[in-house]
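For reference, positions follow the sequence shown, starting with 1. Heavy atoms only: backbone and side chains are in, while hydrogens, waters and symmetry mates are out.
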Amino acid sequence: EVQLVESGGGLVQAGGSLRLSCTASGLAFDDYAIGWFRQAPGKEREGVSCITIEVGSTYYANSVKGRFTISADNAKNTVYLQMNSLEPEDTAVYYCAAAYRLRVGPVAPPERLFGSWGQGTQVTVSS
């Protein structure tokens, strides 16, 4: 059974930084892409960033380009999302999800390709 556990959320002031972690188990890590999604109150869930573990290709939503960086530590089966220059608009519950054999490119991968999801971690950015 694939399990994903997010951590690292919290409360931060605008302009601050947080690093989210997503640790995966029950899967062959290199065979997957891991994505970060977020959902703010009253809004639809949106894709934030994604990485194909085997080759390291990445995707970023326009709203986070230049501020967020996704990376993977294969030895720890963990994907990180470094979030800098945070804005109140980044406030949301952040989820990580896994997609089998997904090759990430410059276009947002469809959410339906992600079959396993974590429980989410809250990020709150105060102004």
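- Going from atom OG of S116 over to atom CG of L4 covers 6.0 Å, rounded to the nearest 0.5 Å.
- Residues T91 and V123 form no side-chain contact, since every pair of their non-hydrogen atoms from C-beta on lies 4.5 Å or further apart.
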Inset, instruction - Please step through side-chain contact (heavy atoms from CB on, under 4.5 Å) for the pair I70 and Y80, ending with a clear verdict. - result: CA-CA 6 Å; I70 193 169; Y80 302 99; over 6 Å; no
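- Under the 4.5 Å side-chain contact rule for hydrophobic residues, F29 and Y32 share a cluster.
- Taken from OH in Y60 to CZ in R67, the straight-line distance is 12.5 Å, to the nearest 0.5 Å.
- Taken to the nearest 0.5 Å, the OG1 atom of T121 stands 6.0 Å off from the CG atom of L20.
- No path of Ile, Leu, Val, Met, Phe, Trp and Tyr side chains, each step under 4.5 Å between heavy atoms, connects V48 with V5, placing them in separate hydrophobic clusters.
- R38 and A92 make their closest contact through CB-CB, 3.8 Å (heavy atoms, listed as atom of the first residue, atom of the second, distance).
- Crowding of R103 atom CZ: a count of heavy atoms from other residues, nucleotides or ligands under 6.0 Å not exceeding 12.
- Grouped by direct or indirect side-chain proximity (heavy atoms under 4.5 Å, Ile/Leu/Val/Met/Phe/Trp/Tyr only), V93 sits with F37, Y59, Y95, L102, V104, L113, F114, W117.
- Within the 4.5 Å cutoff, the side chain of E6 has no heavy atoms near those of the S21 side chain.
- Across all their heavy atoms, A72 and I53 have their closest contact at CB-CD1, 3.7 Å.
- Between K65 and N62, the shortest heavy-atom distance links the atoms NZ-OD1, 3.2 Å.
- In terms of heavy atoms, G47 sits closest to A61 at O-CB, 3.5 Å.
- Considering CG of L81 and CZ of F68, their distance stands at 6.0 Å, rounded to 0.5 Å.
- Closest approach of M83 to L86, counting heavy atoms only: CB-CD2, 3.8 Å.
- A distance of 10.0 Å separates CH2 of W36 from OG of S49, quoted to the nearest 0.5 Å.
- Hydrophobic cluster of V55: no remaining members, since no ILVMFWY side chain lies below 4.5 Å from it.
- Taking OG1 of T52 as the reference point, atom CZ of R101 lies at 11.5 Å (rounded to 0.5 Å).
- Residues Q122 and T124 have side chains that bring a donor and an acceptor to within less than 3.5 angstrom of each other.
- A donor-acceptor pair shorter than 3.5 Å can be found between the side chains of S17 and N84.
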